[in-house]
Amino acid sequence: MKKKNETLILGLNPTGPNTSACLYSNKRGLLHLVEEERFTRKKLATDLIPTNSIKFCLDSEKVNLDNIDLITVGWNHNKYPNFMKNFYKRRMSHPKKDKFSVNVEKLKLIEKSPDTLNKKMKISFKRSGIKGSFPKVIYKNHHESHVASVFYPSQYENALTLILDGSGEEIATSLWKCKKNKLPELIHSFELPDSLGYFYGAMTEYLGFSIFTGEGKVMGMSPYGKKNLKIRKMLTKFVNVSKDGNYKLDPKFVYFGPRTHSFKHTDYLVDLLNIPARIPESPIKKIHFDIAYETQYLLEKIVKTIILKYVKLTRIKNICIAGGVANNCKMNGAISSLKEVDSCFVLPTSADNGVSFGSAILHNAQKDPKNSTLYNRFNPFLGPSYSNREIKNILKEAKLQKFKEYKNFNILCRDVAKQLARGKIVGWFQGKMEVGPRALGNRSILANPSFKKMKDKINIEVKRREPFRPFAPSILEECAKEWFNFDDQPDYKNIHKHMLQATTAKNLAKKKIPAVIHVDNSIRPQLVNKEDCPKYYDLIKQFFKITNIPVLLNTSLNVRGEPIICKPEEALRCFFSHGIDILVMENIVLDKKDF
């Protein structure tokens, strides 16, 4: 319910990939945040007005649109069509610009105009049964929304904030000086076509994956490749950085030229590398791994050069990163390892799923930058949850009678930990669903990381995906320093909560938990404490008592190509159709051997 003298903001990302909605209060902070893909089951839910997410946020707080003071959107649609039309003419014109690109730009100018979007939202709200009068809509700059989404929850007094994505309006990369109780200050930006997000996206498509979802696969491939100076020299013709921290992208490889292989790169890229673009699902060859290696190398080189330049200029050593490229945990780890950097903070809302929240918190900051709720710690567990009664009703509807309901959750954790110790694969469905690309212990598939072949087993039997893809370790926070290297980071517990920064394994980890150590000895750990995730913490603790290993292999409860599971019905489908041995939903346990 709405509190007295409270302002409630409905924050939205209603266009592009990662559509989402949040409910934000100037008194209580972030109340709910969820991605539309979790409801539609369509990965990214691109360009779908997030009506399911909106209904969840409103229903959870027992309010309707009449209780909402305003809607914020994390994209400045007021720049369409006029400003962006002039920008495209000034920066994106070229004699060899293909008709497809021209038509896409024309469509964007129409579809992203406020009149078009407002009409689309109003009709979508009405058809979805969202009650109440349509509120006032305020559009916020995309990159500034990203900045707000990561700096305010960071707990830093000041930070250098780097935004890296495809683009936000006309801007592709931006750097901001951020200080507590002040508004973010833009200190430098790179405009389109100089986009590191579209560079990495083009290489993702070239390697046979899909932009916005396949970049993580390229990152996962890269350690299997080797340094290839010939490829490196070619790629520096695509994008390169000077010693002064300025980079340039040759737009002909993304924007200007014929396209017969992909909508996200031109044929010039194929000509440059002199190797056919990989067809999706075709065999991955050694050269593809080398190209992935050099793509990752070049991204890290450029970003580190930028960071070092602006750390020196601003004398700020705390780094915040957001934008879709910030999901690249190897890059984030490379930034953290710089001796000139004290700390590096990233959140699961780095991609455009976060600008719904970012636009709302930005608006609140612009009203009162000293409002204490701006600086609340970020909680990723903001989605739907289900009671034991609701789960049992779903099992009854599915005519499933063979399950065990535990009255004591400690005993459940003990019994499940024993099964994990024996090598069973467990689906773990608890509490409020997490936001972001990583499962953090509420919608997870779990396994024993001490079994060397467990990675291959889960990739083949459960996830049914490429064999090179790694899995992450969840570790008890108090044990982490014994197993993993944190480069003397003073706040390592805070920055390694969400599997978004790579580090390296110590000898103990290499020996004891091989299933979560990548081929280059890297890991992307999740440090788990009892306050943030009590049930998951208790399970790992029980596993530790049995095995003397305070680590579980953790991957998202879903299968290849679909979003993380939201509902019990989806968990059941995943359980019965894939190689999961045991499914735990709240206090209810199903064991496949009983069926």
Side-chain angles (χ1 to χ4, degrees), residues 143-165 168 171-180 182-190 196-197 200 219 241 244-247 296 299-351 354-355 358 361-362 374-375 377-378 436 485-504 522 524-525 527:
H143 275 216
E144 201 169 0
S145 297
H146 273 310
V147 173
S149 75
V150 68
F151 170 68
Y152 290 113
S154 71
Q155 312 295 301
Y156 294 149
E157 289 292 324
N158 55 43
L160 175 64
T161 300
L162 174 64
I163 308 302
L164 295 160
D165 60 9
I171 296 176
T173 298
S174 59
L175 293 110
W176 304 71
K177 186 189 291 186
C178 298
K179 188 173 183 179
K180 192 172 182 179
K182 302 284 186 181
L183 291 174
E185 176 191 347
L186 177 65
I187 54 177
H188 189 72
S189 65
F190 297 82
L196 292 177
Y200 209 92
M219 181 184 69
V241 63
D244 65 359
N246 289 313
Y247 73 88
Q296 182 68 28
L299 174 70
E300 291 181 18
K301 177 186 175 182
I302 293 169
V303 173
K304 286 191 292 185
T305 304
I306 294 169
I307 289 286
L308 290 173
K309 174 182 179 178
Y310 287 94
V311 165
K312 185 176 181 180
L313 283 174
T314 63
R315 298 183 181 179
I316 298 173
K317 295 187 175 184
N318 294 322
I319 308 298
C320 292
I321 317 173
V325 182
N327 280 328
N328 191 304
C329 60
K330 287 183 69 63
M331 178 194 76
N332 299 337
I335 294 169
S336 282
S337 66
L338 293 169
K339 68 179 187 297
E340 294 85 355
V341 169
D342 285 346
S343 185
C344 179
F345 186 76
V346 197
L347 283 176
T349 48
S350 293
V355 297
I361 195 172
L362 175 62
L374 294 171
Y375 305 97
R377 286 187 180 274
F378 183 80
N485 294 305
F486 294 111
D487 298 320
D488 298 320
Q489 296 166 345
D491 63 341
Y492 72 95
K493 292 180 181 179
N494 188 39
I495 65 177
H496 285 284
K497 285 185 177 184
H498 306 123
M499 296 184 194
L500 286 167
Q501 290 196 48
T503 184
T504 54
S522 67
R524 47 181 173 90
L527 275 56

Quiz item: Which heavy atom in Lys182 sits nearest to a heavy atom in Tyr375, and how many Å separate them?
Solution: N-OH, 4.4 Å
Quiz prompt | Gln501 and Ile321, any side-chain heavy atoms less than 4.5 Å apart | solution = no
Quiz item: Do you know the tightest heavy-atom contact between Pro153 and Val150?
Solution: CD-O, 3.4 Å
Quiz item: What is the distance from atom CZ of Phe378 to atom NZ of Lys497, rounded to the nearest 0.5 Å?
Solution: 11.0 Å
Self-check item: Atom pair CD1/CD1 of Ile171 and Ile163 - distance to nearest 0.5 Å
Solution: 10.5 Å
Quiz item: Would you say the side-chain atoms of Asn485 pair up with the backbone N or O of Thr503, donor to acceptor, closer than 3.5 Å?
Solution: no
Quiz item: Which is it for Asn332 and Arg524 under the side-chain hydrogen bond (donor to acceptor under 3.5 Å, both in side chains) test, yes or no, and what are the steps along the way?
Solution: CA-CA 10 Å; Asn332 299 337; Arg524 47 181 173 90; over 6 Å; no
Quiz item: Do the side chains of Tyr310 and Ile316 get nearer than 4.5 Å, heavy atoms only?
Solution: no
Practice problem: Could I get the full list of side chain to side chain contact (heavy atoms under 4.5 Å, CB included) partners for Leu186, not counting sequence neighbours? | Solution: Ser174, Trp176, Ser189
Quiz prompt | Ile319 side, atom CD1; Ile335 side, atom CD1 - distance, nearest 0.5 Å | solution = 7.5 Å
Exercise. Give the C-alpha distance, both sets of side-chain angles, the deciding distance and a yes or no for side-chain hydrogen bond (donor to acceptor under 3.5 Å, both in side chains) between Gln296 and Asn328.
Key: CA-CA 9 Å; Gln296 182 68 28; Asn328 191 304; 2.9 Å; yes
Quiz item: Got a second to check how far Phe486's CZ is from Ile495's CD1, nearest 0.5 Å?
Solution: 8.5 Å
Quiz item: Are any of the side-chain heavy atoms of His143 and Asp165 separated by less than 4.5 Å?
Solution: yes
Quiz item: Is it the case that more than 12 heavy atoms not belonging to Lys179 sit under 6.0 Å from its NZ atom?
Solution: no
Quiz item: Among all residues two or more places apart in sequence or in another chain, which pass the side-chain hydrogen bond (donor to acceptor under 3.5 Å, both in side chains) test with Tyr247?
Solution: Thr173
Practice problem: Check whether any side-chain heavy atom of Met219 lies under 4.5 Å from a side-chain heavy atom of Cys329, and answer yes or no. | Solution: yes
Quiz prompt | Exam field: side chain Glu185 to backbone Leu183, donor-acceptor pair closer than 3.5 Å | solution = no
Quiz prompt | Reported CG-to-CD distance for the pair Asn494 and Gln489, which is rounded to 0.5 angstrom | solution = 11.0 Å
Listed pairs under 3.5 Å, donor-acceptor, residues 342-349 side chains, sequence neighbours left out:
residue : atom : partner : partner atom : Å
Ser343  : OG   : Tyr156  : OH           : 2.6
Ser343  : OG   : Asp491  : OD1          : 2.8
Ser343  : OG   : Asp491  : OD2          : 2.7

Quiz item: Are any non-hydrogen side-chain atoms of Tyr152 and Cys320 less than 4.5 angstrom apart?
Solution: no
Quiz item: Between His188 and Asn246, which heavy-atom pair has the shortest distance, and what is it?
Solution: NE2-OD1, 3.8 Å
Quiz prompt | 4.5 Å side-chain heavy-atom contact, Ile307 and Glu340 | solution = no
Practice problem: Without swapping roles, check the side chain of Ser154 against the backbone of Phe151 for a donor-acceptor pair under 3.5 Å. | Solution: yes
Quiz item: What distance do His146 atom NE2 and Leu162 atom CG have between them, rounded to the nearest 0.5 Å?
Solution: 11.5 Å
Practice problem: Locate the shortest heavy-atom distance separating Leu527 from Lys493; write the atom from each residue and the value. | Solution: CD2-CA, 3.9 Å
